[in-house]
Amino acid sequence: ILPLLNVNIDTNPYILHSDTFVRLTISAKYSFGMLARGNATITARVFGGVSAENVNGTLELTAVKQETIETRKSVDFNLQTDLNIPPNSIGDKVIEIEVKFSDEITGKIYEKKKKIYSHEKDSFRIKIIETKPLQPGTNYEFLVSVKDHDGVPQTTKSFPVTMRCTYSY
């Protein structure tokens, strides 16, 4: 009986308009814990026109790289040269990464896919958690959470945030 093999693609789940490349770390591990060796074909497909109505988007470009994986390997796709995305124009794109890993020992091919989403604006989201009733002539207080696009609380960066509130009755 052959051991099971799991291919892992480690990457940031999103890219920003200021990013210049996508970095992937690829590894394969047997079910008993040993890292596998082999060859990988890494395909990056760029889909544009992604919206609520068109969740799959339209295929714009495909880029392919071949790599030998000893234990783990970092692979970069340059947004301009490899994926033909001009600087500061990420827009409404999704990059689908597909890895086909050929195990050196068994020759079996294992596949794994991952999607990377683009964000045109800042790298965080602000959400109002709690508000207190508005009283004329007093300060208005509310509690917000600031998180990365992948839902991790923003704790390491210091940045100014400007919020505007309006009230009507």
Side-chain angles (χ1 to χ4, degrees), residues 1-125 127 145-157 159:
I1 297 176
L2 294 173
L4 296 176
L5 188 126
N6 183 36
V7 176
N8 185 39
I9 305 170
D10 186 28
T11 186
N12 200 347
Y14 59 89
I15 55 175
L16 303 173
H17 71 284
S18 57
D19 290 338
T20 57
F21 63 91
V22 173
R23 173 163 289 150
L24 317 167
T25 302
I26 299 164
S27 62
K29 188 185 280 190
Y30 294 109
S31 55
F32 57 86
M34 186 175 128
L35 289 171
R37 295 172 58 173
N39 295 313
T41 301
I42 304 107
T43 305
R45 292 181 184 89
V46 179
F47 293 89
V50 178
S51 64
E53 296 81 30
N54 186 12
V55 292
N56 294 326
T58 307
L59 182 62
E60 292 183 353
L61 182 85
T62 300
V64 179
K65 291 190 176 190
Q66 299 275 86
E67 297 288 342
T68 300
I69 311 292
E70 294 294 328
T71 53
R72 62 178 41 107
K73 178 86 173 196
S74 289
V75 178
D76 291 342
F77 281 96
N78 185 297
L79 295 179
Q80 292 177 39
T81 58
D82 295 331
L83 302 178
N84 202 29
I85 299 173
N88 297 316
S89 65
I90 288 296
D92 55 356
K93 301 195 184 318
V94 172
I95 300 172
E96 180 184 80
I97 303 295
E98 178 184 40
V99 174
K100 290 184 180 178
F101 180 83
S102 175
D103 182 21
E104 186 178 79
I105 296 173
T106 64
K108 285 186 74 175
I109 296 176
Y110 298 86
E111 292 183 31
K112 183 80 174 224
K113 289 184 180 181
K114 193 166 204 171
K115 288 187 177 181
I116 302 170
Y117 298 92
S118 66
H119 295 286
E120 188 69 38
K121 303 222 185 234
D122 298 318
S123 64
F124 55 87
R125 295 180 184 176
K127 181 180 178 184
S145 69
V146 180
K147 296 182 180 181
D148 287 332
H149 284 292
D150 55 359
V152 176
Q154 188 62 266
T155 59
T156 58
K157 296 179 185 173
F159 48 87

Interatomic spacing from OG1 in Thr62 to CZ in Arg45 - rounded to 0.5 Å
5.5 Å
Rounded distance [0.5 Å steps], CD1 in Ile116 versus OG1 in Thr11
4.0 Å
Approximate separation, where rounding is to 0.5 Å, of Phe32 CZ and Leu5 CG:
9.0 Å
Note, Leu4 side chain near Asn6 side chain (heavy atom, < 4.5 Å):
no
Non-hydrogen side-chain atoms of Ile95 and Val22 separated by less than 4.5 Å
yes
Any chance you could measure Asn8, atom CG, to Leu24, atom CG, to the nearest 0.5 Å?
11.0 Å
Over all atoms of both residues, closest heavy-atom pair of Ser102 and Gly107:
OG-O, 4.0 Å
Rounded to the nearest 0.5 Å, what separation is found between the CZ atom of Phe101 and the NZ atom of Lys112?
13.0 Å
Within 6.0 angstrom of Lys114 NZ, more than 12 heavy atoms from elsewhere:
yes
If we only count heavy atoms from C-beta on, is the Ile105 to Tyr30 side-chain gap below 4.5 Å?
yes
Checking Asn84 now: which residues fulfil side chain to side chain contact (heavy atoms under 4.5 Å, CB included) with it, not counting sequence neighbours?
Leu61
Residues in side chain to side chain donor-acceptor pair (under 3.5 Å) with Lys65, at least two apart?
Asp82
From Arg72 atom CZ to Ile26 atom CD1, the distance as rounded to the nearest 0.5 Å:
12.0 Å
Side-chain donor-acceptor distances from residues 36-44 under 3.5 Å, at least two apart:
| from | atom 1 | to | atom 2 | distance (Å) |
| --- | --- | --- | --- | --- |
| Arg37 | NE | Glu70 | OE1 | 3.1 |
| Arg37 | NH2 | Glu70 | OE1 | 2.9 |
| Asn39 | OD1 | Thr68 | OG1 | 3.3 |
| Thr41 | OG1 | Gln66 | OE1 | 2.4 |

Lys113: what forms a salt bridge (Lys or Arg N to Asp or Glu O under 4.0 Å) with it, not counting sequence neighbours?
none
Salt bridge (charged side-chain N to carboxylate O under 4.0 Å, His left out): pairs with one or both residues in residues 3-16, sequence neighbours excluded:
none
Testing the basics here: between Thr25 and Ser74, what is the closest heavy-atom pair and its distance to 0.1 Å?
OG1-OG, 3.5 Å
Name all residues meeting the ring pair (Phe, Tyr, Trp, His ring centres under 6.0 Å) criterion together with Phe21; count only those two or more places apart in sequence or in a different chain, and write none if there are none.
none
